[in-house]
Visitor: 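Supplied in structure tokens, the structure appears directly below.
In what follows, chains are A, B, ... by sequence order, proteins preceding strands, each numbered from 1. Computed from a predicted model, the values in this text were never measured in an experiment.
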Amino acid sequence: MIDLKQLREDPQTARASQEARGADPSLVDRVLAADEHRRATLTSFETMRAEHKALSRSIGKAPAEERAQVLARAKQMAEEVKNAEAAAERAAAELDDLVAGFGNLVHPDVPAGGEDDYRVLSTHGTPRDFEDEGFTPRDHKELGDILGAIDTERGAKVSGARFYFLTGVGARLELAILNAAMDKALAAGFTPMITPTLVGPKVMAGTGFLGEHAAEVYHLPTDDLYLVGTSEVPLAGYHADEIIDLSQGPKRYAGWSACYRREAGSHGKDTRGIIRVHQFHKVEMFAYARQEDAEAEHARLLGWEQEMLDLIDVPYRVIDVAAGDLGASAARKFDCEAWLPSQQRWLELTSTSNCTTFQARRLGVRERGADGTRPVATLNGTLGTTRWIVAILENHQQADGSVTVPEGLRPYLGGLDAFRPVA
RNA sequence: GGAGACGUCGCAUAGUGGCCUAGUGCGCGGCCCUGCUAAGGCCGUGAGGGUGCAAGCCCUCCGUGGGUUCAAAUCCCACCGUCUCCGCCA
């Protein structure tokens with residue numbers, strides 16, 4: 001939820017943000033008009049209510065001969081107050097509808113434009129030259145078959161397209177990635193968390209996932225619960241409606257969870273293997289920080305992501321995602337993309353967003369300030385997911401179909417130095 | 001799933017239609033008293049919103065949502081949550 005006071009004071013920034021996202025800048029003016037209407041109807045209603053309350057209180061004390069008359073007047077007024085209240089509620093609902101369509105104000109340094117307008121911030125490591133090594137790299141699906149690590153056929157048999165079994169070393173590799181991520185988080189001072197993966201509508205809406213991308217989310221209508229696409233959702237809801245203490249620095253949580261995504265808009269995209277699936281596991285960093293600390297915290301989250309990527313030793317680059325490709329809640333987002341030899345392209349492995357006060361405002365997460373409370377900033381970032389298996393297998397494969405285990409992961413695999421083809 | 005009890009300000013509790021504009025205690029903060037780790041006094045102390053240059057004034061919130069009434073923490077209905085017991089499952 002955007003800050004209406006800020007919008008009133010500085011509509012131009014909001015218009016510019018809308019334009020950068022490729023959204024409608026005139027929404028700003030419609031919101032301002034609706035806001036003014038809401039405040040006018042509210043003031044009128046509250047004034048009437050105050051008069052009515054005073055009149056009601058006087059009934060008990062009124063002299064007997066006047067009582068009937070005062071009562072009649074109060075009855076009539078009750079009706080008027082009811083109408084005024086309904087008008088105020090309608091105005092508030094109209095405003096809410098407009099505000100719901102408003103994404104967070106984008107950070108001024110974010111490149112404008114859509115998916116292809118990202119800015120590359122840095123590149124790390126060098127993709128291997130397989131031609132020079134004398135063989136054509138296999139893709140992760142084929143390696144998964146050879147190693148007995150990934151079974152997409154049986155995943156489809158049991159649950160449908162985009163489901164899979166991780167088997168043998170595949171399962172072990174996922175656990176290794178997630179455990180390494182948890183250790184990294186622990187070392188960085190995060191509180192490890194295992195979260196609910198079913199959440200109620202309030203938290204789902206509060207984190208901004210029921211807006212444009214509602215079709216991405218699994219919903220269980222019988223119980224009105226949503227399956228989360230990331231533990232960002234329960235972790236953002238964790239402190240909902242609370243006043244938290246950030247005087248000792250940001251509150252940092254590392255959530256381990258299954259993640260569920262409908263992938264409704266991606267038919268035919270990444271259908272092979274486990275790049276884009278309905279269910280996977282993830283360790284997610286989540287931080288509550290002071291507004292003025294948010295940008296520095298964002299850089300720290302990115303730093304920890306990079307440390308994890310160094311651990312698995314794959315070539316990657318960092319991009320500053322363009323405004324039009326940001327989620328509604330994000331003011332800025334950095335993705336780390338690993339090189340995918342089989343497709344000669346970059347694949348997103350981590351994503352860290354600075355949501356400034358957008359989520360916290362709607363979820364009611366505040367801290368005490370000099371005078372009263374104020375919303376905090378929330379940030380999130382990936383520390384490890386099932387998808388990393390793809391990058392690890394492809395980048396560390398050998399000509400014979402075996403895969404060298406990156407040094408950093410060996411302690412999590414009982415010292416195993418390579419995955420070897422199964423008979 | 002069934003039965004019962006409960007849900008009030010950070011915590012504890014009072015409040016069963018108008019004197020609740022929610023009292024009290026604890027905690028917390030400030031000031032005062034007291035020459036020392038004791039004890040006491042006074043004042044203040046929730047959230048959200050509207051309005052105003054400001055001081056202030058006003059509205060809302062007693063688990064949530066409806067309803068009755070001129071008037072609801074209080075009466076009615078539904079739901080949610082917590083606890084206890086029973087059943088079922090592991």
Visitor: Report the distance from atom CG of D241(A) to atom C1' of C80(B), rounded to the nearest whole Å.
Guide: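 Value for this atom pair: 15 Å.
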
Visitor: Nearest whole angstrom, please: distance from the C1' of C59(B) to the CZ of R57(A).
Guide: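 About 12 Å, once rounded to whole Å.
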
Visitor: Could you go over nucleotides 72-79 of chain B and give all protein N or O partners under 3.5 Å, atom names and distances?
Guide:
none

Visitor: Rounded off to whole Å, could you give me the NZ-to-P distance for the K82(A) and C70(B) pair?
Guide: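 It is 10 Å, rounded to the nearest whole Å.
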
Visitor: Which whole number of Å gives the distance between the C1' atom of A73(B) and that of U21(B)?
Guide: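 Between the two C1' atoms, the distance is 14 Å.
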
Visitor: In Watson-Crick or G-U wobble terms, both distances under 3.5 Å, what is the partner of A39(B)?
Guide: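 Across all strands, not a single nucleotide pairs with A39(B).
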
Visitor: Take atom CD in E292(A); do more than 12 heavy atoms of anything else shown fall under 6.0 Å from it?
Guide: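 Counting other residues, nucleotides and ligands, CD of E292(A) exceeds 12 neighbours.
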
Visitor: How far apart are the C-alpha atoms of V405(A) and H396(A), what are their side-chain angles, what is the distance that settles it, and do they pass the side chain to side chain contact (heavy atoms under 4.5 Å, CB included) test?
Guide: CA-CA 7 Å; V405(A) 175; H396(A) 292 287; over 6 Å; no

Visitor: My understanding is that a pair needs two contacts under 3.5 Å, Watson-Crick or G-U wobble. By that rule, which nucleotide pairs with G81(B)?
Guide: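 G81(B) is paired, partner C6(B).
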
Visitor: Quote, to the nearest angstrom, the C1' distance that separates C77(B) from U69(B).
Guide: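 Their C1' atoms lie roughly 16 Å apart.
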
Visitor: Please report, rounded to the nearest Å, how far the P atom of G49(B) is from the CG atom of L95(A).
Guide: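 Between P of G49(B) and CG of L95(A): 13 Å.
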
Visitor: Quick check: on RNA chain B, is the nucleotide nearest S56(A) upstream (toward 5') of the one nearest L71(A), or the reverse? Name the residue that is more 5'.
Guide: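 The 5'-side residue here is S56(A).
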
Visitor: Would you tell me if any nitrogen or oxygen in the side chain of K53(A) comes within less than 4.0 Å of OP1 or OP2 on C59(B)?
Guide: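 True: K53(A) side-chain N/O within range (under 4.0 Å) of C59(B) OP1/OP2.
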
Visitor: Which nucleotide, in any strand shown, forms a Watson-Crick or G-U wobble pair with C61(B), with both distances under 3.5 Å?
Guide: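 Paired with C61(B), as far as the under-3.5 Å criterion goes, is G46(B).
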
Visitor: Using the C1' atom in both, what is the distance from C83(B) to G63(B), to the nearest Å?
Guide: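 So the two C1' atoms sit 15 Å from each other.
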
Visitor: Give a yes or no on whether R154(A) atom CZ has more than 12 heavy-atom contacts from other residues, nucleotides or ligands under 6.0 Å away.
Guide: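 Check fails, neighbour count at 12 or below.
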
Visitor: Tell me which residues in residues 28-42 of chain A put a heavy atom below 4.0 Å from RNA chain B, sorted by number, or none.
Guide: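 Contacts with RNA chain B under 4.0 Å: R38(A), R39(A), L42(A).
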
Visitor: Can you measure M77(A) atom CE to C59(B) atom C1' for me and round it to whole angstrom units?
Guide: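 Spelled out: CE on M77(A) to C1' on C59(B) is 14 Å.
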
Visitor: Between the protein and nucleotides 44-48 of chain B, list every N/O to N/O distance that falls short of 3.5 Å.
Guide:
from	atom 1	to	atom 2	distance (Å)
A47(B)	OP1	R368(A)	NH1	3.2
A47(B)	O3'	R366(A)	NH2	3.3
A47(B)	O2'	R366(A)	NH2	3.4
G48(B)	OP1	T373(A)	OG1	2.3

Visitor: Below 4.0 angstrom, N of the basic side chain to O of the carboxylate: do E216(A) and R276(A) qualify?
Guide: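 A salt bridge is absent here (no side-chain N lies under 4.0 Å from a carboxylate O).
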
Visitor: If the C1' atom of G4(B) is compared with that of C62(B), how far apart are they to the nearest Å?
Guide: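 24 Å, rounded to whole Å.
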
Visitor: Check whether any side-chain heavy atom of L363(A) lies under 4.5 Å from a side-chain heavy atom of D241(A), and answer yes or no.
Guide: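 Answer no - side chains too far apart.
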
Visitor: Distance check needed: G50(B) C1' versus F45(A) CZ, whole Å only.
Guide: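 F45(A) atom CZ is separated from G50(B) atom C1' by 11 Å.
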
Visitor: Can you confirm whether more than 12 heavy atoms, excluding those of E307(A), are under 6.0 Å from its CD atom?
Guide: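 Check passes, neighbour count above 12.
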
Visitor: What does G87(B) pair with, Watson-Crick or G-U, if both distances are under 3.5 Å?
Guide: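 With both distances under 3.5 Å required, G87(B) matches none.
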
Visitor: G2(B) and C88(B): how far apart are their P atoms, nearest whole angstrom?
Guide: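 Their P atoms lie roughly 15 Å apart.
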
Visitor: Whether R39(A) and E46(A) form a salt bridge (side-chain N of Lys/Arg under 4.0 Å from carboxylate O of Asp/Glu) is what I want to check.
Guide: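 Judged by the 4.0 Å cut-off on N to carboxylate O distance, E46(A) and R39(A) do not form a salt bridge.
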
Visitor: Which one is paired to U34(B), where only Watson-Crick or G-U wobble pairs with both distances under 3.5 angstrom count?
Guide: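 Base-paired to nothing in any strand shown.
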
Visitor: Using atom C1' of each nucleotide, how far apart are A71(B) and G18(B) to the nearest Å?
Guide: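 Looking at atom C1' only, A71(B) and G18(B) are 7 Å apart.
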
Visitor: Can you measure I244(A) atom CD1 to G10(B) atom C1' for me and round it to whole angstrom units?
Guide: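 The answer, rounded to whole Å, is 16 Å.
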
Visitor: Should R162(A) and E263(A) count as an ion pair when the cut-off is N to O under 4.0 Å?
Guide: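 Salt bridge absent between R162(A) and E263(A).
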
Visitor: Searching all strands shown, indicate the nucleotide that pairs with A54(B) (Watson-Crick or G-U wobble; both distances under 3.5 Å).
Guide: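 WC or wobble partner does not exist here.
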
Visitor: Do R300(A) and E297(A) meet the salt-bridge criterion of a basic N to acidic O distance under 4.0 Å?
Guide: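 Here E297(A) pairs with R300(A) in a salt bridge, since their nearest N and O are under 4.0 Å apart.
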
Visitor: Specify the separation, in whole Å, of atom CD of E79(A) and atom P of A71(B).
Guide: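 Between P of A71(B) and CD of E79(A): 10 Å.
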
Visitor: Considering the options V365(A), T191(A), L235(A), L246(A), which one meets the side chain to side chain contact (heavy atoms under 4.5 Å, CB included) requirement together with K251(A)?
Guide: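 By the side chain to side chain contact (heavy atoms under 4.5 Å, CB included) criterion, K251(A) pairs with just one of V365(A), T191(A), L235(A), L246(A): L246(A).
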
Visitor: Would you mind telling me which of T357(A), D3(A), T356(A) makes a side-chain hydrogen bond (donor to acceptor under 3.5 Å, both in side chains) with N104(A)?
Guide: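 Exactly one option meets the side-chain hydrogen bond (donor to acceptor under 3.5 Å, both in side chains) with N104(A), and it is T356(A).
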
Visitor: In the structure shown, which nucleotide is the Watson-Crick or G-U wobble counterpart of U24(B), with both distances under 3.5 Å?
Guide: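 Result: A12(B).
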
Visitor: Considering only the C1' atoms, how many Å lie between G81(B) and U8(B), rounded to the nearest integer?
Guide: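 Nearest-Å result for G81(B) against U8(B) at atom C1': 16 Å.
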
Visitor: Using the P atoms only, state how far C79(B) lies from A22(B), rounded to an integer number of Å.
Guide: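 About 31 Å, rounded to a whole number of Å.
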
Visitor: Mapping E89(A) and A74(A) to their closest nucleotides on RNA chain B, which lands nearer the 5' end?
Guide: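 Its nearest nucleotide being more 5', the pick is E89(A).
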
Visitor: Both distances under 3.5 Å, Watson-Crick or G-U wobble: report the partner of A71(B), or none.
Guide: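 Paired with no nucleotide.
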
Visitor: Applying ring-ring contact (aromatic ring centres under 6.0 Å, His included) between Y253(A) and each of Y238(A), F286(A), F190(A), report the one that passes.
Guide: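 The option that passes is Y238(A).
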
Visitor: Side-chain contact test, heavy atoms from C-beta onward, threshold under 4.5 Å: evaluate it for L301(A) versus S353(A) and give yes or no.
Guide: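 Heavy-atom side-chain distance check fails, nothing below 4.5 Å.
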
Visitor: With a 4.0 Å cut-off on N to O distance, would you call R420(A) and D417(A) a salt bridge?
Guide: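 Salt bridge between R420(A) and D417(A), a charged N being under 4.0 Å from a carboxylate O: yes.
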
